Amino acid sequence: MKVAWFIGEANYKFNLYCLMERDKAEEVIIEYLPLIYSVSLKIVKNKDEAEDVAQEACIKIYQALPGFKGLSSLKTWIYRLTVNASIDYLRKKKRISELSLDELEEKGFNPQADKKENIYENLEQEELKERVQEQVMKLPLEFRMPLLMKAVDGLSYEEIGEILQIPVGTVKSRIHRGRYVLKSLLFGEGTKKGG
Amino acid sequence: MMKENDCDTKKNNINQYLDGELDELQIIEFTKHLAECPGCQMALNGFQFIDTALKETPQVEVPLKLKYQVLEAIRRKKLKRSWFLKEKIRVAVFLTAALIITIGLRYALPTWYSSIPAPEKPLAIQEDALSRASIDITPTILEVANMKNTSQELEELFKSFSTVVVESKEIREKEILYYIIVSEKEIDNFIKELARFKEEIETLKAINVTLESGSIYMYIREEKR
């Protein structure tokens with residue numbers, strides 16, 4: 001994306017300062033909008049809702065940008081604010097139960113259900129990839145996000161920990177467990193933690 | 001025959017292997033184990049397939065509508081912030097004027113505080129200071145009229161390009177917003193013309209242009225003080 005800015009002479013210094021500083025912020029928001037939208041979509045899973053969440057996140061980022069101290073990378077910082085805005089939205093909508101795998105398992109979520117008849121065995125590779133991309137969205141948020149952040153966005157364990165505000169060890173265990181659950185959803189194998 | 005527990009231990013290494021966290025010796029041991037254990041080999045293949053499939057997840061397109069909404073929401077915040085700044089300055093001007101007048105009165109009329117009615121002249125000075133302050137900050141009807149003239153000239157410029165389509169136009173108290181779609185072939189010339197136009201029209205505060213391959217759009221804002 002290429003962005004061009006033309007700013008004229010301001011009659012008042014404060015107004016020029018205000019315009020220039022804010023226009024830079026606007027530029028940052030537009031540059032990172034694809035990331036903000038995709039993160040929102042990964043969390044809330046619905047396009048219309050993701051648009052609302054992304055807009056809300058953009059405003060929060062826009063307002064907080066002057067206070068960004070550069071302690072982490074801008075991308076990580078924007079990612080974290082977007083994740084927080086999305087989780088706030090889920091809380092408001094009382095969909096926070098999505099966060100727990102144990103709760104889902106109690107309600108009958110059984111990744112081993114397809115063990116005996118592997119419904120994917122006859123699918124072509126491309127179709128199977130699409131199924132992976134579909135099934136990952138069925139994982140509870142606490143496993144889905146670290147897995148997608150690692151595999152899709154290519155973030156490091158440290159960056160994921162910083163964004164989700166959890167220790168690196170927890171990030172690793174959630175990614176590992178997420179992989180097992182996802183594999184069992186697809187190929188009907190055991191989901192025991194660690195193997 | 002390999003013990004099941006041993007295999008489970010090796011299975012734990014699959015994730016570390018995938019994430020590149022095993023040292024050389026561990027990699028050799030694990031690779032050796034893979035050759036002997038079809039179960040682990042299948043598990044590794046499954047995980048590798050999943051990782052590949054996730055990496056190939058198609059990128060989501062940001063809806064054009066969302067871009068407009070975000071820019072519009074930011075603009076509203078900007079105006080609000082600007083309004084607060086102006087209000088602060090207005091209050092500061094008022095308080096300074098009041099302070100100067102009070103100090104002036106204190107020295108010029110030492111008995112003013114002892115129940116002498118306020119003289120006419122100082123009040124007139126105060127009103128004059130206030131009215132000057134508001135002329136500096138608030139746009140007048142004349143200025144809004146000028147902005148409309150600028151807007152007409154801007155629209156003439158749009159018409160001179162065959163592929164420029166004005167999707168919407170919104171006239172507000174202090175600014176006019178345009179959402180414009182321009183074809184890729186004309187965009188460079190269009191930007192040059194806008195820059196030239198911008199130089200000619202002193203009152204034009206800002207033109208923000210955002211281009212994106214495929215669906216090009218422009219967000220143009222004219223502000224008038």
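These numbers come from a predicted model, not from an experiment.
With contacts defined as side-chain heavy-atom distances shorter than 4.5 Å, the pair Y180(A)/N15(B) qualifies. Counting heavy atoms from C-beta on, the side chains of H176(A) and D19(B) come closer than 4.5 Å. At least one side-chain heavy atom of I30(A) sits under 4.5 Å from a side-chain heavy atom of L71(B). At least one side-chain heavy atom of Q133(A) sits under 4.5 Å from a side-chain heavy atom of P58(B). Contact check for P63(B) versus E51(A): side-chain heavy atoms found under the 4.5 Å cut-off.
The greatest number of non-hydrogen atom pairs below 4.5 Å with chain A, out of E56(B), K65(B), Q16(B), is found for E56(B). The greatest number of non-hydrogen atom pairs below 4.5 Å with chain B, out of L33(A), I29(A), L148(A), is found for L33(A).
The line from CD of Q135(A) to CG of L54(B) is 11.5 Å long, rounded to the nearest 0.5 Å. Between E134(A) atom CD and T57(B) atom OG1 the span is 11.0 Å, to the nearest 0.5 Å. Here CD1 of I50(B) is found 12.5 Å from NZ of K129(A). Values are rounded to the nearest 0.5 Å.
In plain terms, the two heavy atoms of Q55(A) and A73(B) that are nearest each other are NE2-CB, 3.8 Å. Taking both residues in full, the closest heavy atoms of A151(A) and K55(B) are given as O-CG, 3.1 Å, listed atom of the first, atom of the second, then distance.
For a residue to count as touching a neighbouring chain, one of its non-hydrogen atoms must lie under 4.5 Å from one of that chain's; by this rule V152(A) touches chain B with backbone and side chain alike. Heavy-atom distances place the side chain of E21(B), and not its backbone, under 4.5 Å from chain A. Residue K172(A) touches chain B through its side chain alone, counting heavy-atom pairs closer than 4.5 Å. Proximity to chain B is limited to the side chain of I59(A), based on heavy atoms less than 4.5 angstrom apart. Only the side chain of L41(A) has a heavy atom closer than 4.5 Å to any heavy atom of chain B.
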Yes or no on side-chain contact (heavy atoms from CB on, under 4.5 Å) for I36(A) and V62(B), after CA distance, side-chain angles and deciding distance? CA-CA 9 Å; I36(A) 295 166; V62(B) 178; over 6 Å; no
Might you work through the side-chain contact (heavy atoms from CB on, under 4.5 Å) test for L18(B) and R179(A), ending with a clear yes or no? CA-CA 11 Å; L18(B) 281 171; R179(A) 275 181 185 144; 4.1 Å; yes
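More than 12 heavy atoms of other residues, nucleotides or ligands lie within 6.0 Å of CD in Q165(A), so this atom counts as buried by the packing criterion.
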